[in-house]
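Below: the structure, in structure tokens.
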Amino acid sequence: MTFTEHLARGRDLARTAGDHAADMFSPLITIGRGLRSHARWAKNWWSSTPKEKRGQGLFLVVAIGAGVALLPYGPLLALLALMGSAAWVGRDRAPAAPPAPDTSGIKLASVYTALTPYLVHESDPEPLYRHGGDYKDAFSNWEFDEDGRLTGLDIRYPAYFTDTEPESRARIEQVIHGKVGRTREYRFTWDTETNQLQVAALPPLRSDITAQRFVTAQGEAVLGFTDTTSTNRMIPVRTADGSSHQPPVLWRTGPRSTEPHLLAFGTQGHGTSTLLRSLALQALLHGDVVVIDGAGTGEHACLVGRPGVHTVETSLHGALAALEWAANETQRRLDAHNVAKRTGIAPPADAVRPLWLLLDNPSELSELAAAEGRPDPQDLLEVPLRHGRTAHVTVVVADHLDALPRIRPSVKGACRARVALGPLDPMLAPEVLGAALDITPSTHTPPGRGYARLGMNAAPVRLQVPATPDPLDDETAPDQRDAVVALLPHSDTRTEIPLDLDKPVIPEETDVERTGEIELPVVP
């Protein structure tokens with residue numbers, strides 16, 4: 001052990017001994033402090049007493065001392081009284097910290113003043129909102145947390161406010177969100193019958209859920225996880241601190257799905273490619289996958305050569321060939337289903353096995369195709385989008401939020417299940433999600449955070465996509481890389497649908513159509 005280590009160890013021992021000594025002799029220190037205070041008081045009294053009266057005072061003190069000495073147990077009682085007085089005077093009397101100022105009134109008054117220009121009309125004889133008014137007339141209930149942040153607010157507004165117009169609602173929500181804090185998400189519940197607006201702060205969603213096998217039925221895909229109030233189903237998941245039950249956002253695909261195709265938008269770095277990888281790992285357990293990477297960044301290279309992955313294309317030539325094959329495969333499956341219905345037998349297994357078309361950034365390929373005068377890849381999605389429900393073909397399109405104008409109307413119309421990841425302007429929510437967003441987005445969102453709306457009649461819900469990073473990326477965390485690699489399919493991990501060899505051969509089908517061994521066409 002070096003001299004420095006000896007010195008450090010001696011310093012630690014001395015500090016520990018000092019702490020223990022201070023705890024042990026704390027009563028004596030308190031009494032000593034009190035005795036010093038008494039001595040100081042006696043000295044000040046003696047010095048402030050005039051000289052002609054000092055003798056009288058000294059005689060009085062001696063008389064009291066003699067009287068106490070003559071009493072039974074007098075000296076002992078006097079000593080106890082002196083010690084008790086010294087302990088009381090010598091106690092630690094540090095001033096208590098002043099209470100934090102109550103800022104709730106200031107914040108509520110600020111919200112009231114900000115809402116006044118939007119909720120007052122000059123023809124109202126008794127306005128609920130007026131300059132210099134009291135916020136207690138308009139706010140019926142409010143709640144703050146221990147940090148002084150607003151967690152709940154009930155607001156009354158006049159009946160003439162246009163609460164049925166999304167633009168008017170969004171304006172009020174934006175004003176309130178700006179005043180109560182943009183670092184949290186708030187849900188706005190409008191009661192148009194009673195002219196009441198309820199504002200509630202939403203707790204943050206868990207962001208430590210990684211890719212794993214989820215407990216779902218065949219035909220169900222987990223897009224992510226949401227609030228407990230947004231779904232009545234819970235599934236077990238593994239988190240950073242153990243196992244727990246979390247509320248999932250389930251998307252049902254297949255022939256009985258109301259919304260068989262998905263369209264996802266997101267800002268750069270907020271998880272659209274992560275969403276596609278998560279869906280691909282779930283789909284490969286029971287189905288086949290075709291991946292089109294329009295950006296050509298190699299985000300999905302981990303799927304190349306895996307069982308069930310027909311192809312992973314990054315070029316325009318390969319994407320057009322793969323999408324043309326997908327259109328022909330969809331038509332082949334439709335013909336097989338029609339023949340099966342006419343003959344009264346079950347369709348072949350390769351016609352009912354789910355097929356997923358995952359397109360990442362197809363707008364990049366559309367611009368490249370337009371520059372080269374070639375067909376738009378989005379146009380080749382018309383057949384899978386129109387007949388995918390019957391043919392067991394699911395289409396998932398993910399692109400940047402800036403590419404929203406470049407997505408074809410046919411794709412937008414067929415993909416009515418929507419996902420938006422990253423910061424979302426409330427004014428863009430009707431176009432991105434298909435409905436107004438009753439939640440004000442936070443300015444700070446982790447990767448994979450966003451909103452989902454699964455159907456025309458469904459309300460948008462919050463969404464946290466499970467962490468499914470690219471395992472080939474050097475910056476991927478080791479635990480997340482291992483979780484994704486463990487889910488990549490092998491020949492012994494996939495669930496294959498057995499073929500019925502005793503099934504009679506359908507005359508209308510060719511051998512190629514029955515086995516599904518269709519080669520990708522070459523696009524010149």
Side-chain angles (χ1 to χ4, degrees), residues 99-120 127-130 133-159 161-166 168-207 225-232 234 246-247 249 423-426 429 435-446 449-453 458-464:
D102 186 11
T103 60
S104 60
I106 300 176
K107 295 181 179 180
L108 293 175
S110 176
V111 175
Y112 177 86
T113 304
L115 292 177
T116 298
Y118 303 97
L119 298 177
V120 68
L128 185 62
Y129 291 83
R130 59 185 181 276
D134 189 2
Y135 66 86
K136 295 182 180 179
D137 297 335
F139 302 162
S140 57
N141 186 29
W142 54 82
E143 295 180 2
F144 288 85
D145 59 10
E146 60 276 3
D147 297 330
R149 297 185 299 178
L150 187 68
T151 58
L153 180 62
D154 294 341
I155 301 175
R156 295 191 301 120
Y157 57 89
F161 174 70
T162 55
D163 53 1
T164 58
E165 299 178 1
S168 300
R169 288 189 177 189
R171 188 182 306 112
I172 297 299
E173 294 171 0
Q174 185 178 5
V175 170
I176 296 176
H177 193 208
K179 290 298 179 181
V180 300
R182 296 184 179 274
T183 59
R184 306 178 70 181
E185 292 177 294
Y186 288 85
R187 183 183 295 277
F188 294 84
T189 304
W190 294 82
D191 187 354
T192 57
E193 296 182 354
T194 60
N195 302 322
Q196 296 278 345
L197 171 60
Q198 185 178 11
V199 184
L202 299 177
L205 297 178
R206 300 200 62 154
S207 58
F225 296 88
T226 183
D227 304 289
T228 55
T229 57
S230 300
T231 180
N232 56 1
M234 306 284 284
Q246 298 296 327
V249 179
L424 178 63
D425 188 352
L437 188 63
D438 60 350
I439 304 172
T440 52
S442 172
T443 54
H444 304 286
T445 56
R449 274 288 285 111
Y451 307 92
R453 182 171 180 261
V461 298
R462 295 199 298 166
L463 176 69
Q464 177 64 53

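Numbers here are sequence positions counted from 1.
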Quiz item: Taking everything shown except Asn141 itself, do over 12 heavy atoms lie less than 6.0 Å from its CG?
Solution: yes
Self-check item: Side-chain heavy atoms of Arg156 within contact of Leu128, under 4.5 Å
Solution: yes
Quiz item: Just by modelled atom types, is the Thr183 backbone N or O under 3.5 Å from a matching donor or acceptor in the Ser442 side chain?
Solution: yes
Quiz item: For Asp154, what residues pass the side chain to side chain donor-acceptor pair (under 3.5 Å) criterion, not counting sequence neighbours?
Solution: none
Quiz item: After noting the C-alpha distance and the side-chain angles of Asn195 and Phe161, does the key distance pass the side-chain contact (heavy atoms from CB on, under 4.5 Å) rule?
Solution: CA-CA 9 Å; Asn195 302 322; Phe161 174 70; over 6 Å; no
Self-check item: Shortest non-hydrogen contact between Pro441 and His177, atoms and distance
Solution: O-CE1, 2.9 Å
Quiz item: Do Arg449 and Arg462 have side-chain heavy atoms sitting under 4.5 Å apart?
Solution: yes
Quiz item: Roughly how far, to the nearest 0.5 Å, is CH2 of Trp142 from CG of Leu153?
Solution: 8.5 Å
Self-check item: Evaluation steps, side-chain contact (heavy atoms from CB on, under 4.5 Å), between Ser104 and Lys107
Solution: CA-CA 5 Å; Ser104 60; Lys107 295 181 179 180; 5.9 Å; no
Practice problem: Output yes when a side-chain donor or acceptor of Thr113 lies under 3.5 Å from a complementary backbone atom of Ala109, and no otherwise. | Solution: yes
Quiz prompt | Test side-chain contact (heavy atoms from CB on, under 4.5 Å) applied to Phe225 and Thr231, step by step | solution = CA-CA 10 Å; Phe225 296 88; Thr231 180; over 6 Å; no
Practice problem: Side-chain contact test, heavy atoms from C-beta onward, threshold under 4.5 Å: evaluate it for Val175 versus Leu115 and give yes or no. | Solution: yes
Self-check item: Any side-chain heavy-atom pair of Ile172 and Leu119 under 4.5 Å
Solution: yes
Quiz item: So Tyr186 and Phe188, would you call those rings parallel, tilted or perpendicular, with 30° and 60° as cut-offs?
Solution: tilted
Practice problem: Could you pull out the closest heavy-atom pair between Thr192 and Tyr157, with the gap in Å? | Solution: CA-OH, 3.8 Å
Quiz prompt | Min side-chain heavy-atom separation Arg184-Arg149 under 4.5 Å | solution = yes
Exercise. Check for a donor-acceptor pair, side chain of Thr162 on one end and backbone N or O of Thr164 on the other, with a separation under 3.5 Å.
Key: no
Quiz item: Between the main-chain N or O of Glu143 and the side-chain N or O of Thr151, is there a donor-acceptor pair closer than 3.5 Å?
Solution: yes
Quiz prompt | Distance, nearest 0.5 Å, that separates CD of Glu173 from CZ of Arg187 | solution = 11.0 Å
Quiz item: Can you tell which of Leu205, Val461, Ile439 makes a side chain to side chain contact (heavy atoms under 4.5 Å, CB included) with Asp227?
Solution: Leu205
Quiz item: With no hydrogens and no angle check, is any side-chain donor or acceptor of Asp145 less than 3.5 Å from a backbone partner on Gly148?
Solution: yes
Self-check item: Any side-chain heavy-atom pair of Gln464 and Pro446 under 4.5 Å
Solution: yes
Quiz item: Is the Tyr112 ring parallel, tilted or perpendicular to the Tyr129 ring (thresholds 30°, 60°)?
Solution: parallel
Quiz prompt | Residue pair Ile176, Ile155: steps toward the side-chain contact (heavy atoms from CB on, under 4.5 Å) verdict | solution = CA-CA 11 Å; Ile176 296 176; Ile155 301 175; 3.6 Å; yes
Quiz item: Short question: side chain of Arg169, backbone of Asp163 - any donor-acceptor pair under 3.5 Å?
Solution: yes
Exercise. With the side chain counted from C-beta on, respond yes when Leu437 and Pro460 share a heavy-atom pair under 4.5 Å apart, and no when they do not.
Key: yes
Quiz item: Mind checking whether Arg453 and Leu463 have side chains closer than 4.5 Å, heavy atoms only?
Solution: no
